[in-house]
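The structure appears right after this line, and notes come after that.
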Amino acid sequence: MTPITVRFFASIREDLGKDEEHIDSQGIATAADVWERVAGRPLPARTLVAVNQQYASPGHPVKAGDEVAFFPPVTGGELP
Amino acid sequence: MTPITVRFFASIREDLGKDEEHIDSQGIATAADVWERVAGRPLPARTLVAVNQQYASPGHPVKAGDEVAFFPPVTGGELP
Amino acid sequence: MIVRVQRDPFDPWQELAAAGKRLAAAGAHGATAVFVGSLRDYNQGQPVSAMTLEHYPGMTEAHLEKVGREAAARWPILDALVVHRYGALTPGEPIVLVAVWSAHRDAAFAACRYIIDELKTRAPFWKRERTAAGARWATPED
Amino acid sequence: MIVRVQRDPFDPWQELAAAGKRLAAAGAHGATAVFVGSLRDYNQGQPVSAMTLEHYPGMTEAHLEKVGREAAARWPILDALVVHRYGALTPGEPIVLVAVWSAHRDAAFAACRYIIDELKTRAPFWKRERTAAGARWATPED
C-alpha cells in the first residue's frame with residue numbers, strides 16, 4: 001500500500017529527532033491520528049498542520065499517498 | 001521703508017501675469033490686504049497663503065520685510 | 001534625515017543602495033519601507049506626454065523637513081530620505097522617493113505613508129501636464 | 001508576479017532596478033511600495049550573531065504565491081515581487097523583499113502591507129538565532 005509521508009520542521013523536528021517518516025495508512029483517518037502514531041502522544045497546542053502542503057485542521061481527513069506535516073508557529077520575515 | 005515681497009505660483013502666477021512684486025507696507029495689516037493690493041479683488045476661495053514660507057491664514061498679520069506668497073492647492077507626488 | 005528637491009532625474013534604487021551604505025549601524029534597522037511615485041502616461045483618460053513641476057524654492061524644502069521631523073516624533077524611526085523632482089519630467093520617470101528605516105515594520109510603514117500623504121496634500125509643488133488636448137494645471141482631485 | 005525563495009543573498013535595490021526594466025509599460029505604474037526586512041543585530045536584548053532560516057520547500061513558495069494572488073484580487077495592482085531567503089544569514093543582510101507596483105498609492109501600500117503581514121503570520125519559515133547565550137528558535141512574539 002502507498003504509505004503516508006509525514007514531515008517535521010523546526011523545533012518539532014528537533015524534539016522528535018527526525019525530519020521525515022513514512023507510515024502505513026491502516027487505522028489513520030485524520031491528521032491528528034498521524035501525529036499520535038508517529039509521536040505516541042496527543043498533538044501539542046499551537047502545532048500547525050499541513051496536508052499536501054496546505055494548512056489543515058488536526059481533524060482533516062488523511063489517506064494513503066498524502067503528505068502530512070507538523071510544525072511550530074512560523075517566524076518568517078524580519079524581526080520581529 | 002523695507003517693502004513687502006509678494007510671490008505668486010502656478011495658475012495664480014499665470015492669471016496675474018507676474019511671479020513677484022514688492023509693495024509698500026503702508027496700509028497693510030494682513031495677508032488678505034496684500035492680495036487685494038496686488039490683485040485688486042478679494043482672495044479667491046481655496047487659494048493658499050504663506051507668510052515667510054510658512055502656511056498662514058488670510059488674516060495672518062503682515063509687516064514690512066515679510067515675504068507673502070499666494071498659490072493654488074498643491075499637486076506634488078505621483079498622480080493622483 | 002535627508003531631504004532633496006532637485007531638477008535632475010534620479011534613480012531611486014541607486015539612492016537607496018547609497019543610503020543603506022551611509023547608515024552607520026546596518027544591523028539596527030530591521031525594516032525599510034519605501035514609496036516611489038512615477039509619472040504615469042495617462043491621467044483622466046488623456047495620454048500625458050510631459051509634465052512640468054513648479055515649486056517654491058526654500059519653502060518646499062523646509063516643509064518636507066518639517067514633515068520628516070513630525071514623522072520622527074510620532075514613530076521610532078532611525079532615518080528617512082525624501083527626494084522630489086521639479087522642472088520637466090517625461091512619463092515613466094520617478095517624481096518622488098520616500099524611504100524610512102526603522103527597527104520595526106509598523107513604524108516604517110506608518111512613517112513612510114505619513115510623509116508621502118503630507119507631501120501630497122501640503123508640500124508646495126504644482127504640476128502642469130501636457131496632453132494632446134493642450135497644457136493644464138493638475139488638480140488635487142486628479 | 002514573481003515569488004522566489006532562495007539560499008543566496010540578494011540586493012533588494014538591484015532586484016528592483018531589474019524588475020522595473022522588466023515591467024513592460026513603465027508609464028503605467030504611478031506608485032511602487034516596497035518593504036525590505038533585514039536581520040537586526042539585536043533581539044530581546046541579546047546581540048544576534050547569526051541566524052538560520054528553515055522553510056518547507058514547495059509549501060513555502062506555494063503559500064507566498066497564494067498570498068500574492070489574494071493581494072491582486074483585493075487591490076488593483078500591476079505586478080508584485082517577493083524574495084525571501086532561507087539558510088544561514090548574518091546581521092544586516094536582507095531577509096525579505098516585497099514590492100508592489102500599481103497605478104495608485106493606496107493600492108500599492110495596502111497590497112505590500114498585506115503580503116508582508118500574511119507572509120509573517122502564515123508562510124512556513126522558522127528562524128533559529130545564535131546569540132552569546134546559545135541557539136534558540138525565534139517565536140512569533142519576538
Side-chain angles (χ1 to χ4, degrees), chain B residues 2-23 28 30-32 34-35 37-39 41 43-80, chain C residues 5 12 35-44 46 48 51-67 82-86 89 91-98 113 115-129 131 135-142:
Chain B
T2 318
I4 293 165
T5 299
V6 196
R7 302 181 68 174
F8 312 102
F9 292 94
S11 56
I12 289 179
R13 174 177 54 72
E14 285 194 343
D15 291 347
L16 295 181
K18 53 191 171 191
D19 61 1
E20 187 168 326
E21 193 169 348
H22 298 269
I23 63 167
I28 298 287
T30 68
V34 172
W35 173 265
R37 171 86 60 87
V38 298
R41 52 186 166 92
L43 189 67
R46 301 189 69 195
T47 301
L48 297 172
V49 180
V51 175
N52 296 329
Q53 305 199 354
Q54 302 220 23
Y55 281 104
S57 65
H60 194 281
V62 169
K63 61 184 190 311
D66 282 350
E67 175 174 306
V68 183
F70 300 96
F71 45 81
V74 304
T75 57
E78 90 292 4
L79 286 170
Chain C
V5 178
F35 178 77
V36 177
S38 303
L39 180 56
R40 281 211 314 275
D41 49 9
Y42 263 81
N43 191 32
Q44 301 206 333
Q46 292 277 352
V48 174
M51 193 177 76
T52 307
L53 254 172
E54 186 171 335
H55 77 306
Y56 186 165
M59 178 168 173
T60 303
E61 292 82 349
H63 188 77
L64 294 177
E65 279 160 14
K66 176 168 167 282
V67 170
V82 180
V83 183
H84 202 296
R85 294 278 301 280
Y86 68 91
L89 283 97
E93 286 188 337
I95 301 173
V96 59
L97 162 66
V98 177
R113 184 70 204 245
I115 292 171
I116 183 64
D117 286 354
E118 286 295 305
L119 182 159
K120 282 191 68 89
T121 52
R122 303 276 294 165
F125 285 107
W126 303 275
K127 288 195 189 80
R128 189 164 174 79
E129 297 167 27
T131 71
R136 62 183 283 272
W137 290 99
T139 68
E141 292 73 35
D142 279 349

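Order of the sequence lines fixes the chain letters, A, B, ..., with proteins taken first and strands second; residue numbering starts at 1 for each chain.
- In terms of heavy-atom pairs under 4.5 angstrom with chain C, the leader among B/R7, B/Q54, B/E14 is B/E14.
- Contacts between C/A123 and chain B at a heavy-atom distance below 4.5 Å involve the backbone alone (N, CA, C, O).
- With a 6.0 Å radius and a threshold of 12 heavy atoms from other residues, nucleotides or ligands, B/K63 has its NZ atom at or below the threshold.
- C/M59 has its side chain out of reach of B/F9: every pair of non-hydrogen atoms, C-beta onward, lies at least 4.5 Å apart.
- Within the 4.5 angstrom heavy-atom criterion, no atom of C/T52 approaches chain B.
- Residues B/A50 and C/Y56 share a closest heavy-atom pair of CB-CE1, 4.5 Å.
- For C/Y86, no part lies near chain B; criterion is any non-hydrogen pair under 4.5 Å.
- Heavy atoms closer than 4.5 Å to chain B are found in the backbone of C/H55, but not in its side chain.
- Here the closest heavy-atom approach between residue B/R46 and residue C/P140 is recorded as NH2-CG, 4.2 Å.
- The shortest side-chain heavy-atom distance between B/T75 and C/W126 falls under the 4.5 Å cut-off.
- Proximity to chain B is limited to the side chain of C/R128, based on heavy atoms less than 4.5 angstrom apart.
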